[in-house]
Amino acid sequence: MQCALRLSRCTRLIQIRRGIKHDVRRQIIIDQGQSKKFDKLFPERDFQSRHIGPRDHEQLEMLKTIGFTSLDELTNTAVPSNIRRDKDLDIDQPISEYELMKRITQMSEKNKVWRTYIGMGYYNCCVPHTIMRNIFENPGWTTQYTPYQPEISQGRLESLLNYQTMICDMTGMEVANASLLDEGTAAAEALALAYRHTKRKKLFVSDKVHPQTISVIATRIDSLGLILEVGDVFNIDTSSKEIAGIFLQYPDTTGAIYDYQRVIKDAHANGTLICAATDLLSLAILRPPGDFGVDICVGTSQRFGVPLGYGGPHAGFFACRNKLVRLMPGRVIGVTRDVDGNDAYRLTLQTREQHIRRDKATSNICTAQALLANMSAMFAVYHGPNGLRNISRRVHNLTVTLAKGLESADHKISNKYFFDTITVLPNESLEIIKENAERLQINLRYNDNGSVGISLDETTNPEDVNDLLKIFNVDRTVEEIIDSEILDDKNIEFSIFKRTTPYLEHPVFNIHHSETRIVRYMKSLENKDISLVHSMIPLGSCTMKLNSTTEMMPSSLPGFTNMHPFAPVEQAQGYRELFEQLEQDLRAITGYDGISFQPNSGAQGEYAGLRAIQCYHESRNDYSRRVCLIPISAHGTNPASAQMAGMQVEPIFVKKDGSVDIVHLKEMIERHRKSLSCLMITYPSTNGVFEETIGDVCDMVHNAGGQVYLDGANMNAQVGLCRPGDYGSDVSHLNLHKTFCIPHGGGGPGMGPIGVKRHLIPFLPGHPAIDGLNGHNGINNGETSSVLGAVSAAPYGSSAILPISWAYIKLMGPKGLRKATQVAILNANYMSKRLEKYYKTLYKGDTGLVAHEFILDVREFKKTANIEVVDFAKRLMDYGFHSPTMSWPVAGTLMIEPTESEDKMELDRFCDALICIRKEIQDIEDGKMDMEINPLKMAPHTQEQIINSNWDRPYARELGAFPMASAKVSKFWAKTGRIDDIYGDKNLFCTCPPILPQQ
């Protein structure tokens, strides 16, 4: 038997060497450990050495520096023993990058990409290859951080201003933000704004709004305690002075276009705001909402050059009247002037409002969709107004032709006017139509009343329309219909709905139409921004680690990119398999029992998790449990999300050592024992240390009847070492764009799925578009149906980027993930140790160690040298670095997180830069440098400043521009001089300027 087994193994090995595919069996053998010899045959499986920066010998040097001999010794000391996990995670052994691409490609091919005409806000589009390659697949665009440092973010800021200008022009509104998460959440934000503006509690939504949007609105409105009415907008009592806002869809979900001017006039007469969701492509020929009095306009820019991706990521948009700009959520790009008086871009007042106002914030938005907004903006730049108009006309004309053909065969079209969507009342059996459609592999929208929705798009051609006609047994072709029918009576360009106002007149939308021009334009913007292709971005709590090429590649596979989110579930078996495997891995990593992928940002995850807790309490008739305890060091989104979830936020003090004040926590638990909903806490603490008492804290909350929400932002210090579900947490969101390698994209996309313990599974988000969805990824496992509605427009959030996290886990395996966490902790402690002679690390644990990040206290330099934390941020640009996180969680400090992906050379280079800066400060303290005019106060230094013949600063040009030898080798120049960080800048244009700086 043993000889036969050996012979079988040898035969199999020979077959593999000869190229016969036995990948699955080979992986099983490797995973089960049946033959350790195989490990030597496949050394390329060691992806962790690509992901983890420091080489083994460098790790030993760094360990020696901080007084340890091994990674295990370090983390056994840093991580409390009462929560530490010593055994490997129960996930698959690692596979190679090439094996992974085979597996994920096969998985994507299980998705059946039929021709889909479902619509409902999601459409196929032709993504220009040059934009796909040069933005979507380009780490120079995908690995940038949110543009909080404008001097080294001018490229994406300009592109996002293009986006805002595009939205304003297309919608006819006066001001727009730089994107929201999706159309559904943008709609909810619009009605919340109406409530804040009018102080009225009643909201009305048209029953012709997309169902997923209504669900998201209902979820949000419920937690705010507002009254929602859904019905026929033409039957509303417009004389009512109780309604805060009316929400319309234009064109509506059936495709119909109506004249809402009477409704709008009556509403305005009574102080009610009008909000409308609209379709950008239709507005190339359709009268824009701004022309007939709409106050707030929302939607998605997905069909402007962004793949379907099974629902995301896509950029939602939000535009409004100037009078509402101070209430508008999200990020707004404005135009200001730098220190030299040159025009420059920067973020405006709205940015990080939730961090400033906390539980008084009007929105918890943190992540936007910058990468996708940039793609859409570049789509408009590439096509220009004439190109967009041509695309719009082609789609509309084909839809008119289809409608005429169907009517000629006695099928009834319910829409008198439409753009790309018609609702058909067929004159024959719906079952026959379904059979015909399935035979041609075409998806249509089948409504409960027996009608059929058909939405055409940019990819539709006459042959597709001929097939649609065949489905309805129409024996005519497009050519025959055009020859014999009068089409003008259904064409909106021959109706009162025709657009008459111009759009996209700025030169930027009219000069980049050749590929040569567009490529150079995209590259010129990319070159203005620092990203991970240039240097480490050591932002505390943001985890800017490697986003590997192999991890990114699956997001471009057609099987993933071209799936409509509402396609029948049986056609999305590849996605289903992906969700199941990723859920299984995340459950093993976190110790939770269920995962929902619907939240498409960290803040959305917070909101969904807190709403799950509230629904749980309400299911037990504990309606009085509304108090959420939050340490004052928490992320600003924590109290903002709790407020949006309808909770009463109560702060918990933090001790001088940075840990939660247990005495105060006990007092607050006792004070609110009967009304306690949950504790919302970050672990390791926001101050960068592992606290010994986390298990006791969870027990205290549970004993009082509350739940524990553990913010997952610092999961990069836990993976493989400890699990939130084991030490007492009930729910966490996971920032996949941090710990699990989804790139930040210049400010989005993000993903914030939530993990919960078993008792909370029934309260995970639901969605109206997926049959059997109970909040458990659309997989009906027999639990009670979700009582919580949708929190995002798509059932599984930004599905198209989930393969990135799936790939990271599969490539690293259990030991690789654990080592990554250990090296992240090593890197942080090494840097803290290297810098201790020059700066004080504000907080350390009882062991004298930090976790994966640490806070440098630079407040003393304000007194000794007039140097503030912002001066550090600006000066680091001259050294070629992005600043660490400034003034959070402690004002006047720098929070540094190196991640595991940066090697010792880069860590040392950054430490050297900070050491050099400390010496520059010493020169100021010693009187060798002026306290007002010095390299820190005047930073960053631009090329224009350095070559200016009128250089009159009391220090050498070389010191300003090349303060360290490495800067000479690879110099990154800030593209603008210092920009005022005060949000009250009088020179700032918060609205889109009519003329952007010339290219």
Side-chain angles (χ1 to χ4, degrees), residues 167 171-177 180-210 213-234 236-250 252 260-278 289-290 292-299 316-330 332 350 353-354 357 360-365 607 640 643-646 789 793:
I167 298 299
T171 61
M173 305 304 287
E174 294 167 339
V175 60
N177 68 17
L180 293 182
L181 298 175
D182 57 34
E183 182 171 316
T185 51
E189 293 285 352
L191 287 175
L193 188 155
Y195 159 63
R196 296 195 302 272
H197 179 73
T198 64
K199 305 298 188 293
R200 301 172 182 176
K201 288 197 169 185
K202 186 174 181 180
L203 300 162
F204 189 94
V205 176
S206 167
D207 56 6
K208 297 300 189 293
V209 170
H210 294 317
T213 301
I214 295 177
S215 183
V216 174
I217 290 173
T219 300
R220 190 79 66 86
I221 295 308
D222 177 64
S223 61
L224 293 176
L226 305 180
I227 302 168
L228 177 64
E229 182 179 345
V230 179
D232 185 345
V233 72
F234 292 106
I236 189 174
D237 180 9
T238 52
S239 66
S240 172
K241 295 184 181 294
E242 299 177 352
I243 301 174
I246 298 172
F247 194 89
L248 316 166
Q249 189 97 37
Y250 173 80
D252 71 22
Y260 295 109
Q261 290 186 92
R262 182 187 62 79
V263 174
I264 294 172
K265 181 180 179 181
D266 292 346
H268 283 167
N270 292 285
T272 299
L273 294 183
I274 296 293
C275 314
T278 192
F292 53 85
V294 169
D295 299 293
I296 304 171
C297 196
V298 302
F317 65 81
F318 190 110
C320 65
R321 302 292 181 187
N322 273 329
K323 67 180 181 180
L324 302 174
V325 65
R326 291 297 177 185
L327 296 175
M328 185 167 62
V332 180
Q350 276 74 6
E353 185 235 14
Q354 77 283 7
R357 302 192 66 208
K360 302 297 189 298
T362 55
S363 173
N364 70 338
I365 290 171
Y607 175 78
Q643 179 267 138
M644 290 183 62

task = Would you confirm whether Thr278, through its side chain, and Tyr250, through its main-chain N or O, come within 3.5 Å as a donor-acceptor pair?
result = yes
inquiry  = Please give me the minimum heavy-atom distance between Ala186 and Val298, naming the atom from each residue.
reply    = O-CG1, 3.6 Å
key: Approximate separation, where rounding is to 0.5 Å, of Lys241 NZ and Asn270 CG   = 4.0 Å
request  = Might you confirm whether atom CD of Glu242 has over 12 heavy atoms from other residues, nucleotides or ligands at distances under 6.0 Å?
outcome  = no
message = Restricting to non-hydrogen atoms, name the atom on Leu324 and the atom on Asp295 that form the minimum distance, rounded to 0.1 Å.
response = CD1-O, 4.0 Å
ask   = What do you reckon, is OH of Tyr195 surrounded by more than 12 foreign heavy atoms closer than 6.0 Å?
value = no
query = Just how far is it from atom CD of Glu183 to atom CD of Gln249, taken to the nearest 0.5 Å?
reply = 5.0 Å
task = Examine distances only and state if a side-chain atom of Ser223 and a backbone atom of Gly646 form a donor-acceptor pair shorter than 3.5 Å.
result = no
task = Could you tell me whether a side-chain N or O of Ser215 sits under 3.5 Å from a main-chain N or O of Gly789, the two making a donor and an acceptor?
result = no
task = Say whether, by atom type as modelled, one donor and one acceptor occur between the side chain of Thr171 and the main chain of Ile167 under 3.5 angstrom.
result = yes
message = For the residue pair Asp182 / Thr185, report whether a side-chain donor-acceptor contact shorter than 3.5 Å exists.
response = yes
key: Side chain Arg321, main chain Val294, donor-acceptor under 3.5 Å   = yes
ask   = For Tyr607, is the NZ or CZ atom of Arg220 found under 6.0 angstrom from the centre of its six-membered ring and inside 45 degrees of the ring axis?
value = yes
